[in-house]
2 protein chains.
Amino acid sequence: MLAGVLRAHEGRLQVLLWQRAKPPHENRWALPGGRLGDDEDVERSIRRQLAEKVDVHKLSHVEQLAAFSDPGRVPGRRVVATAFLGLVPSDVDPEVPADTTWHALDDPPPTAFDHERITHAARDRLRAKLSYTNLGFALAPAEFTISELRRIYSAALGYQVAATNLQRVLTRRGALQPTGRTVPAGPSGGRPPALFRFTSPGLEITDPFAVFRPPPGAS
Amino acid sequence: MLAGVLRAHEGRLQVLLWQRAKPPHENRWALPGGRLGDDEDVERSIRRQLAEKVDVHKLSHVEQLAAFSDPGRVPGRRVVATAFLGLVPSDVDPEVPADTTWHALDDPPPTAFDHERITHAARDRLRAKLSYTNLGFALAPAEFTISELRRIYSAALGYQVAATNLQRVLTRRGALQPTGRTVPAGPSGGRPPALFRFTSPGLEITDPFAVFRPPPGAS
DNA sequence: GCAAAAGTGTTCGGTATACACCCATGC
DNA sequence: GCATGGGTGTATACCGAACACTTTTGC
């Protein structure tokens with residue numbers, strides 16, 4: 001039970017890590033997680049584990065990645081880890097324990113065990129789903145300007161996306177809604193940006209990439 | 001450790017099930033699987049388990065689906081199952097034990113535990129990947145006509161796909177290659193069909209559905 | 001007025017689909 | 001020759017990317 005908890009912050013993607021105080025891999029940085037309890041399924045369990053590091057209510061999305069099971073992944077008796085992707089909106093800065101901090105994904109500290117691989121799996125899942133779902137809602141504040149959203153998507157994807165197309169694509173898919181309100185312009189002037197929100201608070205597939213599509217009438 | 005082993009057969013999608021001889025869920029049909037050994041990772045383990053039911057060499061593809069962990073999914077002590085999708089080409093008919101047979105997915109027998117849910121997860125994964133990868137290679141024989149491939153895709157997807165578009169899309173993506181050879185026409189005449197093969201023997205993403213694409217120069 | 005930032009209109013290229021048409025065989 | 005199934009050419013619709021242009025503010 002391990003989670004790669006990610007957020008977009010200051011133009012970069014960050015992952016939540018805690019520093020191990022004891023061997024093995026003393027002082028290395030590890031993903032939060034813990035053992036599965038007898039009366040919970042894996043998703044409930046990882047949310048419980050994460051509650052100790054991040055306020056659960058700050059977690060905007062959690063999903064299962066895969067089981068990591070290489071017999072040599074940790075020293076000693078083999079441990080199978082079910083890995084998760086967790087997301088935190090960019091406008092909340094949850095309280096975290098003293099041993100725990102955010103680290104830029106592109107400048108990682110020394111990590112424990114196979115946790116860097118798991119972090120990469122989390123990042124790759126996020127990037128893929130940003131393209132064909134409305135998963136951006138989990139990284140963005142409840143309301144935001146297109147510029148802010150552009151920064152978030154650019155940080156998460158690792159390259160610049162154009163605000164024009166971002167707005168158009170998400171709007172056409174019905175994922176984005178104007179609130180009708182605007183926000184004052186910045187210090188250097190400019191037109192005051194409009195505020196938008198995501199239409200749905202939950203994960204939806206907005207681009208059913210299905211080629212070989214079923215005939216329009218079919219279910 | 002459970003696997004939904006699927007194949008396309010006679011226009012339908014089938015799953016490999018064995019009939020339980022003992023309680024719980026006596027006489028119900030279950031997915032093949034078993035316990036994880038200490039010295040193997042989950043993928044190696046499921047291949048070993050499946051070797052008892054299906055000749056491993058007949059398995060054209062295996063991939064992890066997810067962990068199923070509901071505390072009530074099996075009676076008694078909770079068991080976490082890591083589920084897999086397995087695929088068998090349509091031209092091989094592996095020897096299977098006496099208690100084991102293929103069942104049409106759209107006409108399932110009484111199944112044990114949550115195995116029908118897992119079967120559906122396997123089917124959904126297959127359908128999704130047929131659209132944006134070359135995964136068809138795992139369902140098709142090594143060489144095939146477009147008509148045969150059309151039948152396989154139609155069976156797997158659950159609706160009719162047009163041979164014209166199937167050929168064109170897979171060819172444009174570079175997934176399909178003509179062998180240059182043809183096969184005699186059928187009993188009712190007609191032009192002798194050409195034989196094709198898949199370009200790559202392994203899974204490749206042929207349609208990077210990425211919207212918000214990176215600038216062409218980027219990695 | 002001018003610079004700056006936001007947002008819209010328009011064009012273009014690529015891809016999937018639909019459908020008409022041509023091809024090669026058995027009888 | 002004709003029916004049958006295989007394969008190609010062409011037209012259409014849609015979507016995302018790029019870029020020019022307009023709008024609205026601060027100074």
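Proteins get letters first, then strands, A, B, ... in listed order; numbering begins at 1 in each. Worth knowing before you read on, the calculation uses all heavy atoms, side chains too, and leaves out hydrogens, waters and symmetry mates.
- Within the 4.0 Å cut-off from OP1 or OP2 of C:dT8, at least one side-chain nitrogen or oxygen of A:Gln167 is found.
- Residues that satisfy the ring-ring contact (aromatic ring centres under 6.0 Å, His included) test with B:His103, not counting sequence neighbours, are B:Trp29.
- Residues B:Gly202 and B:Asn134 come closest through the heavy atom pair O-ND2, 2.9 Å.
- Rounded to a whole Å, the CG atom of A:Leu166 is 12 Å from the P atom of C:dG7.
- When all heavy atoms of B:Pro89 and B:Ser60 are compared, the closest pair comes out as CD-OG, 3.6 Å.
- Between B:Phe144 and B:Phe137, the distance separating the two ring centers is not shorter than 6.0 angstrom.
- Nearest heavy atoms, A:Ala175 versus A:Thr206: CB-CG2, 4.4 Å.
- Look at B:Arg172 and you'll find a side-chain N or O under 4.0 angstrom from OP1 or OP2 of C:dA16.
- Atom-to-atom, CZ of B:Arg168 to P of C:dT17 comes out at 11 Å; the value is rounded to the nearest Å.
- Rounded to whole angstrom, the span from the CG atom of A:Asp207 across to the C1' atom of D:dG16 amounts to 10 Å.
- Near-neighbour residues of DNA chain C inside residues 174-184 of chain B, defined by a heavy atom below 4.0 Å, are absent.
- Of all the heavy atoms in A:Thr199 and A:Gly174, the pair that sits closest is OG1-O, 2.8 Å.
- For A:Arg173 and D:dG16, the shortest distance from a side-chain N or O to OP1 or OP2 is below 4.0 Å.
- Across the protein-nucleic acid pair, A:Asn165 atom CG and D:dA20 atom P stand 14 Å apart, rounded to whole Å.
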Distance-only check: which donor-acceptor pairs under 3.5 Å involve side-chain atoms of residues 10-19 of chain A, not counting sequence neighbours?
from: A:Arg12; atom 1: NE; to: A:Asp106; atom 2: OD1; distance (Å): 3.4
from: A:Arg12; atom 1: NH2; to: A:Asp106; atom 2: OD1; distance (Å): 3.0
from: A:Gln14; atom 1: OE1; to: A:Arg7; atom 2: NE; distance (Å): 2.8
from: A:Gln14; atom 1: OE1; to: A:Arg7; atom 2: NH2; distance (Å): 3.0
from: A:Trp18; atom 1: NE1; to: A:Leu31; atom 2: O; distance (Å): 3.1
from: A:Gln19; atom 1: NE2; to: A:Asn27; atom 2: O; distance (Å): 2.9

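- Here the CD1 atom belonging to B:Ile146 is positioned 11.5 Å from the CZ atom belonging to B:Arg168, to the nearest 0.5 angstrom.
- Under the rule for a ring-ring contact (aromatic ring centres under 6.0 Å, His included), A:Phe68 has no partner lying at least two apart in sequence or in another chain.
- Listed by residue number, the members of residues 142-157 of chain B with any heavy atom below 4.0 angstrom from DNA chain D are B:Ile146, B:Ser147.
- Contact between A:Ala122 and A:Gly4 at its shortest, heavy atoms only, is CB-O, 4.2 Å.
- Within a heavy-atom distance below 4.0 Å of DNA chain D, the residues of residues 188-197 of chain A found are A:Gly189, A:Gly190, A:Arg191, A:Pro192.
- Residue B:Leu170 contributes atom CG, which lies 15 Å from atom C1' of D:dG7 at whole-angstrom precision.
- Rounded to the nearest 0.5 Å, atoms CG (B:Leu50) and CG (B:Leu2) are 10.0 Å apart.
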